[in-house]
A.B. asks: 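The following block contains the structure, expressed as structure tokens.
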There are 2 protein chains.
Amino acid sequence: MTEPIVADATTASTALGATDAIAPDDRSAGALTAADRAYAATKESIIRGDLASGALLSEAVIAGELGISRTPVHEAFLRLAAEGLLTLESRRGAVVRPLSPSEADDVLEMREAVEAACAARIIASDRVDEVLPTLRSLLEEQRAAVAADDLDRFIAADDGLHAAVVAGARNPVASQFATLLHDRQQRMRNLLIRVKAGQMAAAFDEHAALVAAIEARDAGEYAAVLRRHVDRNRGVL
Amino acid sequence: MTEPIVADATTASTALGATDAIAPDDRSAGALTAADRAYAATKESIIRGDLASGALLSEAVIAGELGISRTPVHEAFLRLAAEGLLTLESRRGAVVRPLSPSEADDVLEMREAVEAACAARIIASDRVDEVLPTLRSLLEEQRAAVAADDLDRFIAADDGLHAAVVAGARNPVASQFATLLHDRQQRMRNLLIRVKAGQMAAAFDEHAALVAAIEARDAGEYAAVLRRHVDRNRGVL
DNA sequence: ACTCTACCCCTTGCATGCAAGCTTGCGCGC
DNA sequence: GCGCGCAAGCTTGCATGCAAGGGGTAGAGT
């Protein structure tokens with residue numbers, strides 16, 4: 001029934017560098033493979049903006065920093081390229097994909113499409129009551145964040161709320177897409193402009209309207225509100 | 001239940017093989033890397049249904065059949081797993097992901113969402129006149145296919161038509177998603193049931209309605225027709 | 001006959017070595 | 001001074017070798 005609403009497990013790794021000397025066998029720390037660590041670390045660096053757009057990075061360097069060989073790093077780069085975060089140039093290196101304004105539009109548009117479809121399915125399959133408690137709780141969390149003027153907390157709740165809608169649809173394909181899009185959006189958020197605190201109140205109102213639409217079982221209304229919501233974000237970026 | 005199709009690895013070898021003896025340097029033949037070839041060959045085998053759901057395949061076998069080493073095959077498997085065609089079981093092997101009816105629903109639903117969003121963007125960005133000629137031409141091609149009772153031709157035009165809508169939106173993210181979904185849908189088509197020829201007429205009418213909706217710049221109508229269209233497909237699967 | 005255990009084989013995950021290609025910078029000729 | 005060519009250094013792409021981890025099976029014990 002209740003799935004873990006976890007916002008994202010992707011940003012749970014340590015940053016790059018800082019690999020203190022040589023760690024010959026850190027597999028004891030967890031079941032993560034070396035490739036996973038390389039993937040998570042590099043992705044984190046890209047999303048957080050530590051790696052500038054257009055930066056040319058090589059497998060050997062990352063491998064050295066993580067104390068692993070080039071092979072798992074190579075695999076990580078392939079994954080990141082598939083996700084649109086890197087561009088692999090054969091025998092030259094991997095460049096951190098510069099993001100264009102149009103790309104921001106593209107990502108937001110897809111996010112809107114996926115989430116609207118998820119909301120529609122929740123409503124159509126009569127699972128509104130399942131997700132509503134989570135949504136309300138996150139909405140309350142957001143209200144508190146607004147009151148406390150805590151932007152990070154607000155963003156966390158924001159991510160959680162949108163993620164909860166997608167998770168509630170129980171569509172693994174949608175979840176995968178949403179995760180992909182979320183990562184890229186987060187990168188844009190970090191890289192371009194941090195959402196101004198003044199936007200919080202408006203965003204909160206829209207979120208409340210979204211939850212209300214779900215509560216009213218009105219998929220069309222949800223889509224319409226979501227459209228406005230995304231459009232406003234578009235303007236900010 | 002969809003498991004009686006069981007095929008063993010022997011059928012896989014025939015599908016993948018054809019590595020003419022030893023080709024020490026076939027890079028002269030094309031720019032495709034070994035990893036790409038492994039990816040394409042395996043994906044083809046999965047989509048075409050030559051590899052049965054649940055089949056356990058190993059990197060070494062594929063590598064041997066293609067005359068390459070395990071490394072590029074490993075990368076290919078990673079990509080296929082990311083696309084939802086394989087499931088990697090650590091130190092056991094890669095199983096061809098069995099597809100469940102719910103997965104079919106999931107894929108179709110996302111396809112609907114992506115394509116509707118693309119149509120909406122085409123209309124909103126006033127590019128209807130750009131795509132309309134292509135759509136009309138493909139529609140005509142479909143009409144001919146119906147008349148000739150040529151199912152394969154019909155399907156090709158069907159794919160082309162939906163792809164044209166996505167391409168017309170000029171959203172790379174949407175295009176990527178659509179490609180992913182298309183592959184999976186094609187696999188389902190090949191594996192579960194071949195669409196009956198009698199469905200062609202109805203599908204054609206719906207396609208005509210889709211194009212008409214775009215022509216009328218009515219995104220809502222497009223979404224509605226698309227919904228019916230997908231729903232019918234859902235029933236077929 | 002049945003069960004439990006231990007072993008062997010097969011599997012992946014990763015490290016390393018080697019070859020090929022692109023870029024770049026330096027030296028040489030003009 | 002300026003342009004061109006060559007070579008060196010970087011990069012990836014792939015092959016191979018090694019170790020660790022499951023699974024199945026055969027054998028021993030009851």
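The structure presented is a predicted model; accordingly, all values stated were derived computationally and were not measured. Letters go in sequence order (proteins before strands), and every chain restarts at 1. What you see below is based on every heavy atom in this structure, not just the backbone, and it leaves out hydrogens, waters and symmetry mates.
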A.B. asks: Has A/His74 got a side-chain N or O lying under 4.0 Å from the OP1 or OP2 atom of D/dG13?
C.D. replies: yes
A.B. asks: Are any side-chain N or O atoms of A/Arg121 and backbone N or O atoms of A/Ala169, one a donor and one an acceptor, separated by less than 3.5 Å?
C.D. replies: yes
A.B. asks: Taking atom C1' of D/dT12 as reference, at what distance in whole Å does atom CD1 of A/Ile62 sit?
C.D. replies: 14 Å
A.B. asks: From CG of A/Leu88 over to P of D/dT12, roughly how many Å is that when rounded to an integer?
C.D. replies: 8 Å
A.B. asks: Round to a whole Å and report the spacing from CD of A/Glu89 to P of D/dG13.
C.D. replies: 11 Å
A.B. asks: Does any N or O in the side chain of B/Ser137 come within less than 3.5 Å of the main-chain N or O of B/Pro133, such that one atom is a donor and the other an acceptor?
C.D. replies: no
A.B. asks: Counting only side-chain N and O atoms of B/Thr33, is one of them less than 4.0 Å from OP1 or OP2 of D/dC14?
C.D. replies: yes
A.B. asks: Kindly give the atom pairs (protein nitrogen or oxygen, nucleotide nitrogen or oxygen) under 3.5 Å for nucleotides 5-11 of chain D.
C.D. replies:
{"unit_1": "D/dT11", "atom_1": "OP1", "unit_2": "A/Ser58", "atom_2": "OG", "d": "3.3"}

A.B. asks: Centres of the A/His162 and A/His207 rings: under 6.0 Å?
C.D. replies: yes
A.B. asks: Please report, rounded to the nearest Å, how far the P atom of C/dG13 is from the OH atom of A/Tyr39.
C.D. replies: 16 Å
A.B. asks: Any non-hydrogen side-chain atom of B/Gln176 less than 4.5 Å from a side-chain atom of A/Asp106?
C.D. replies: no
A.B. asks: Using whole Å, what does the distance between atom P of nucleotide D/dG24 and atom CG of B/Leu56 come to?
C.D. replies: 10 Å
A.B. asks: Check whether the side chains of A/Glu83 and A/Tyr39 place a donor and an acceptor atom closer than 3.5 Å, and report yes or no.
C.D. replies: yes
A.B. asks: So, the side chain of B/Arg97 versus the backbone of B/Ser53: is there a donor-acceptor pair under 3.5 Å, distance only?
C.D. replies: no
A.B. asks: Would you please name every residue forming a side chain to side chain donor-acceptor pair (under 3.5 Å) with A/Arg153, sequence neighbours left out?
C.D. replies: A/Glu141
A.B. asks: Are any side-chain N or O atoms of A/Glu115 and backbone N or O atoms of A/Ala178, one a donor and one an acceptor, separated by less than 3.5 Å?
C.D. replies: no
A.B. asks: Between the protein and nucleotides 15-18 of chain C, which nitrogen or oxygen pairs come in under 3.5 angstrom?
C.D. replies:
{"unit_1": "C/dA15", "atom_1": "OP1", "unit_2": "A/Ser69", "atom_2": "N", "d": "3.3"}
{"unit_1": "C/dA15", "atom_1": "OP2", "unit_2": "A/Ser69", "atom_2": "N", "d": "2.7"}
{"unit_1": "C/dA15", "atom_1": "OP2", "unit_2": "A/Ser69", "atom_2": "OG", "d": "2.6"}
{"unit_1": "C/dA15", "atom_1": "N7", "unit_2": "A/Thr71", "atom_2": "OG1", "d": "3.3"}
{"unit_1": "C/dT16", "atom_1": "O4", "unit_2": "A/Thr71", "atom_2": "OG1", "d": "3.1"}

